[in-house]
*Asks:* 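Please read through the structure below; I'll follow up with questions.
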Amino acid sequence: VLFRSRLSPMWAILAAAAFFAATHLQPLQFPALLAFGIVLVGFLAGLILGRAVARLIKSPAVGGFASRLCIIIGTLASLPLAYHFAIKAG
């Protein structure tokens with residue numbers, strides 16, 4: 001939330017992931033931790049969005065499906081950015 005108010009969404013995701021990676025104090029694993037942090041942010045964004053969507057849908061089965069679909073989409077959407085920083089840069 002702190003990063004989102006001052007940065008664009010992409011830079012906020014990168015800042016949060018870099019903070020996550022830096023707190024582990026493992027310089028050799030920084031690219032992998034950065035990539036994992038990016039995917040983790042995508043997963044959490046999908047989880048939050050999925051819960052909000054599920055609350056709006058009256059049918060529990062459809063709401064659960066929509067919630068899980070948002071989690072999958074959020075995670076998959078973060079993979080290209082994670083790949084760019086972990087594989088190409090590292």
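Side chains included, hydrogens not; waters and symmetry mates left out as well; all remaining heavy atoms used.
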*Asks:* Clusters formed by hydrophobic residues whose side-chain heavy atoms approach within less than 4.5 Å: which one holds Ile71, and what are its other members?
*Replies:*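 Besides Ile71, the cluster holds Phe20, Leu33, Phe36, Leu40, Phe43, Leu44, Leu47.
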*Asks:* Under a 4.5 Å side-chain heavy-atom rule over Ile, Leu, Val, Met, Phe, Trp and Tyr, are Val41 and Leu14 clustered together?
*Replies:*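 Same hydrophobic cluster.
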*Asks:* If you look at every heavy atom in Gly37 and Ala17, which pair is closest and at what distance?
*Replies:*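 Taking Gly37 first and Ala17 second, the nearest heavy atoms are C-CB, 3.7 Å.
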*Asks:* Could you list who else is in Leu69's hydrophobic cluster, with ILVMFWY side chains joined at under 4.5 Å, directly or through other members?
*Replies:*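 For the cluster that includes Leu69, the remaining residues are Phe65, Ile73.
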*Asks:* Gly63 and Ala54: which non-hydrogen atoms are nearest, and at how many Å?
*Replies:*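 Scanning both residues, the minimum pair turns out to be O-CB, 3.5 Å.
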*Asks:* Which heavy atom of Phe30 sits nearest a heavy atom of Ala22, and at what distance?
*Replies:*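 The answer is CE1-N, 3.7 Å.
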*Asks:* Excluding sequence neighbours, so at least two apart, what forms side chain to side chain contact (heavy atoms under 4.5 Å, CB included) with Leu76?
*Replies:*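 For Leu76 the side chain to side chain contact (heavy atoms under 4.5 Å, CB included) partners, ignoring immediate neighbours, are Ile72, Leu79.
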*Asks:* Can you name the side chain to side chain contact (heavy atoms under 4.5 Å, CB included) partners of Val53, sequence neighbours left out?
*Replies:*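 Leu49, Ile57, Ala66, Cys70.
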